[in-house]
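Below you'll find the structure, written out as structure tokens, and then a few comments.
One-based numbering, in listed order, for ligands and for the atoms of each.
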Amino acid sequence: MSAPATRPRILVTRAIFPEVAARLSEHFDVESNTADDDWSRDALRRRLRDKQGALTFGLERIDTDLLAQCPQLRICANMTVGYNNFDLDAMTVCGVLGTNAPDVLTETTADFGFALLMATARRVTESEHFLRAGKWTRWNYQMFSGAEVHGSTLGIIGMGRIGQAIARRAAFGFGMRVIYHNRSQLDAATEAACRASYVSKHELLQTADHVMLVVPYSAASHHTIGAAELALMKPTATLINIARGGIVDDAALATALRDKRIAAAGLDVFEGEPTVSPDLLTVPNVVLTPHIASATAGTRRAMAMLAVDNLIGYLVHGKAVTPLNAVNPTAWVAA
Ligand code: DGY
């Protein structure tokens, strides 16, 4: 009798849907963080040492130091669209493929961007806190007067798939004028489909009533919005960040909000999250949510399943199948 073929070993670094875990077990020997513990770098390194693959969650720094201790590793599959946890150069040098999970979260994340915009402009959480604190004793015509959303100008920085989905909601649902800034201008057909016009970042900041950040994080996009940019915005403007912590200088934003330099902000992501700057926690004109823009069960399941597809594609089918969502495809080409 021939010995059973060894199956690739993979690590799942956080808790995951049971059906996703079950699908992984059909193909791999799986070690899972079912308790959803916060593993130290050392614990992650120890567990990854004998694995060929990892299902990662955008939180684990995959860099030279870690890769040096994990010689068998061939793929890290993020279940997130963002992949700023990957040191792509180091991974490519070590022949480790990185994949992400785009598309499946686009509409859900755009919905949330709009929810945060509405909550911020119309002061939803601030007024709810007021009510819950028992402060609503009489009505006044100026109570929690906010900013208009319909018919206003939305400026989107980062016009990828999610930015475009937000633009469609704004233009066709809310009759907004949509302007955007991006590394490169979109083609005319895509611009028309989103009814959006390209402007410089400077013009966008000066003109928009609401500024929405949807740009991926990189060294180049670090502090896309700092004190100088906030100074360009209208005093009545709102700023929404559903992109990544570090795109906004949170300290500069807290100062601008406290000084009423801009009217309000809605933030789903933070520098150094899950720690949030105490300055932001104490200003009233900011809506804060814990990085939940893609958080619906259906979308999160689809994101995890896409990561599983990427793991199966690479570790089971190897070079026979082009990886679905490679973010450093040269690692695959060279394998
Ligand atoms: C993503 O997919 O990158 C979202 O921010 C969830 O982490």
Side-chain angles (χ1 to χ4, degrees), residues 12-17 20 33 36 38-39 44 54-62 75-88 91 97-117 119 156-166 169 182-183 212-225 239-248 250 265-276 287-311 323-328:
V12 181
T13 65
R14 298 296 300 262
I16 195 63
F17 295 97
V20 173
N33 182 359
D36 209 27
D38 281 322
W39 286 343
L44 176 65
L55 197 164
T56 44
F57 293 75
L59 306 162
E60 315 75 357
R61 184 90 193 125
I62 308 294
I75 174 170
C76 291
N78 263 359
M79 74 162 262
T80 54
V81 67
Y83 51 88
N84 51 301
N85 58 318
F86 293 161
D87 178 336
L88 286 185
M91 289 171 71
L97 184 71
T99 61
N100 69 339
D103 300 320
V104 290
L105 79 176
T106 299
E107 298 299 330
T108 301
T109 304
D111 284 348
F112 188 82
F114 234 87
L116 202 48
L117 167 59
I156 302 175
I157 299 185
M159 200 63 159
R161 288 161 283 215
I162 297 172
Q164 291 171 35
I166 290 166
R169 283 160 176 73
N182 199 42
R183 256 182 322 187
M212 178 94 65
L213 302 171
V214 207
V215 70
Y217 183 81
S218 68
S221 62
H222 183 72
H223 287 186
T224 294
I225 301 293
L239 176 72
I240 310 298
N241 186 8
I242 57 164
R244 273 290 179 275
I247 301 285
V248 174
D250 285 352
L267 307 174
D268 187 47
V269 287
F270 305 87
E271 288 189 292
E273 65 184 50
T275 303
V276 177
V287 179
L288 307 169
T289 53
H291 202 149
I292 56 166
S294 63
T296 66
T299 291
R300 287 276 162 92
R301 192 179 292 106
M303 293 161 74
M305 284 298 187
L306 190 49
V308 175
D309 290 342
N310 278 305
L311 287 165
L324 287 171
N325 309 111
V327 293
N328 61 339

Worksheet item: Can you list the steps and then say if Arg169 with Glu107 is a salt bridge (charged side-chain N to carboxylate O under 4.0 Å, His left out)?
Response: CA-CA 10 Å; Arg169 283 160 176 73; Glu107 298 299 330; 2.8 Å; yes
Worksheet, complete the sentence: Near ligand 1 (heavy atom, under 4.0 angstrom), the protein residues are Thr80, Val81, Gly82, Leu105, Arg244, His291, Ser294, Met303
Item to complete: Return the minimal non-hydrogen interatomic distance between Glu273 and His291, and the atom names on each side.
Response: OE2-ND1, 2.5 Å
Discussion item. Can you give me the closest heavy-atom contact between Asn78 and Thr56, atom names plus distance?
Written reply: OD1-OG1, 2.7 Å
Worksheet item: Do Ser221 and Thr224 meet the criterion of a side-chain donor-acceptor pair at a distance under 3.5 Å?
Response: no
Worksheet item: For the residue pair Gly98 and Asn328, what are the closest heavy atoms and their distance?
Response: N-OD1, 2.8 Å
Fill in: Name of the residue among Thr108, Thr109, Thr106, Asp111 meeting side-chain hydrogen bond (donor to acceptor under 3.5 Å, both in side chains) with Thr299
Thr108
